[in-house]
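Here the structure comes first, spelled out in structure tokens, and everything after it is commentary.
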Amino acid sequence: ETIILGERLYEAATELLIARAERELWILDPDLSRGAYQSLKCYEVLRDFLAKDKQSRLTIVLHEADFFTERCPRLQDLLKTYSYAIDIYVTDDSARVAQDAFVLADKAHYLHRFHINQARFKYVLKDEVATKPLLERFEQLLEASSTAVFATTTGL
């Protein structure tokens, strides 16, 4: 239940949680501009996650996709290579009130940044009960989203 502070620690915790995932990753983030998603290290842990099992799935919900499309070429390469395993959605206006960010792994681990503009966060490992409310919230935000980012410009 410890609250941790700091952008660098948040980036390290993001990588740790992604590396911990075995089959499923869910990411809610306003735009992926925090958490070092554009870094080589994050690319490597996501690539390793996707490559370890053909059943692995990555679902990302964003409020805005501009940072992803303009500043995350490595993640775009992953989307092209693993298009069958990655879904990226953009929320409708009604869901943009959510100003936190979180990463969920295998329904058992989470990293929760309480507000996107403050590097205060908590992470929990091996606790499905504690992870369940965030997973339910993710599913609600997913329902208020539409597919917006595709592996190709035609959306195929």
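Everything numeric in this text was worked out from a predicted model, so none of it was measured.
Looking only at side-chain heavy atoms (C-beta outward), Ile3 and Phe114 come within less than 4.5 Å of each other. Side-chain atoms of Leu9 and Phe121, non-hydrogen and from C-beta on, do get closer than 4.5 Å to each other. Looking only at side-chain heavy atoms (C-beta outward), Leu40 and Arg74 come within less than 4.5 Å of each other. Between Ser145 and Val90, every side-chain heavy-atom pair lies at or beyond the 4.5 Å cut-off. Counting heavy atoms from C-beta outward, Trp26 and Leu135 have side chains that approach closer than 4.5 Å. Taking 4.5 Å as the limit, some side-chain heavy atom of Tyr110 sits within range of a side-chain heavy atom of Lys122. Within the 4.5 Å cutoff, no side-chain heavy atoms of Phe102 are placed close to those of Leu111. You'll find the side chain of Leu134 reaches within 4.5 Å of the side chain of His112, heavy atoms only.
For the pair His109 (side chain) and Lys126 (backbone), a donor-acceptor distance under 3.5 Å is present. The main-chain N or O of Ala108 is never found under 3.5 Å from a side-chain atom of Asp106 such that the two would form a donor-acceptor pair.
Residues Val45 and Leu78 share a single hydrophobic cluster, defined by chaining ILVMFWY side chains whose heavy atoms lie under 4.5 Å apart. Ile27 and Val124 end up in different hydrophobic clusters when Ile, Leu, Val, Met, Phe, Trp and Tyr side chains are linked at under 4.5 Å. Under the 4.5 Å side-chain heavy-atom criterion for Ile, Leu, Val, Met, Phe, Trp and Tyr, Tyr84 and Leu25 are members of the same hydrophobic cluster. There is a path of hydrophobic side-chain contacts, each under 4.5 Å, that joins Leu50 to Phe68.
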Side-chain donor-acceptor distances from residues 53-66 under 3.5 Å, at least two apart:
residue : atom : partner : partner atom : Å
Asp53   : OD1  : Gln55   : N            : 2.8
Ser56   : OG   : Phe49   : O            : 3.2
Ser56   : OG   : Asp53   : O            : 3.1
Arg57   : NH1  : Lys54   : O            : 3.3
His63   : ND1  : Thr91   : OG1          : 2.8
His63   : NE2  : Ala98   : O            : 2.6
Glu64   : OE2  : Arg96   : NH1          : 3.0

With a cut-off of 3.5 Å and sequence neighbours excluded, list every side-chain donor-acceptor pair involving residues 11-23.
residue : atom : partner : partner atom : Å
Thr14   : OG1  : Tyr10   : O            : 2.8

Verify side chain to side chain contact (heavy atoms under 4.5 Å, CB included) between Ser146 and Tyr89, making sure each step is shown before the conclusion.
CA-CA 5 Å; Ser146 57; Tyr89 299 89; 5.7 Å; no
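More than 12 heavy atoms of other residues, nucleotides or ligands shown are found within 6.0 angstrom of NZ on Lys52. Within a 6.0 Å sphere centred on OH of Tyr123, heavy atoms belonging to other residues, nucleotides or ligands number 12 at most.
Each of Arg113, Arg137, Arg120 was evaluated against Asp100; a single residue qualifies, Arg137, per the salt bridge (charged side-chain N to carboxylate O under 4.0 Å, His left out) test.
Looking only at atom types and distance, the side chain of Ser33 has a donor-acceptor partner in the side chain of Asp31 under 3.5 Å away.
Here the straight-line distance linking atom OG1 of Thr81 with atom CD1 of Ile86 works out to 8.0 Å at 0.5 Å rounding. To the nearest 0.5 Å, atom CD1 of residue Ile88 and atom CD of residue Gln76 are 8.5 Å apart. Note that the SG atom of Cys42 and the CG atom of Leu32 stand 8.5 Å from one another [nearest 0.5 Å]. Going from atom CD of Glu7 over to atom CZ of Arg34 covers 6.5 Å, rounded to the nearest 0.5 Å. A distance of 9.5 Å separates CD of Glu139 from CG of Leu104, quoted to the nearest 0.5 Å. A distance of 9.5 Å separates OH of Tyr43 from CG of Leu75, quoted to the nearest 0.5 Å.
When the ring pair (Phe, Tyr, Trp, His ring centres under 6.0 Å) test is applied to Tyr37, no partner is found at least two apart in sequence or on another chain.
Here the shortest heavy-atom pairing between Ala130 and Pro133 reads O-CD, 3.4 Å.
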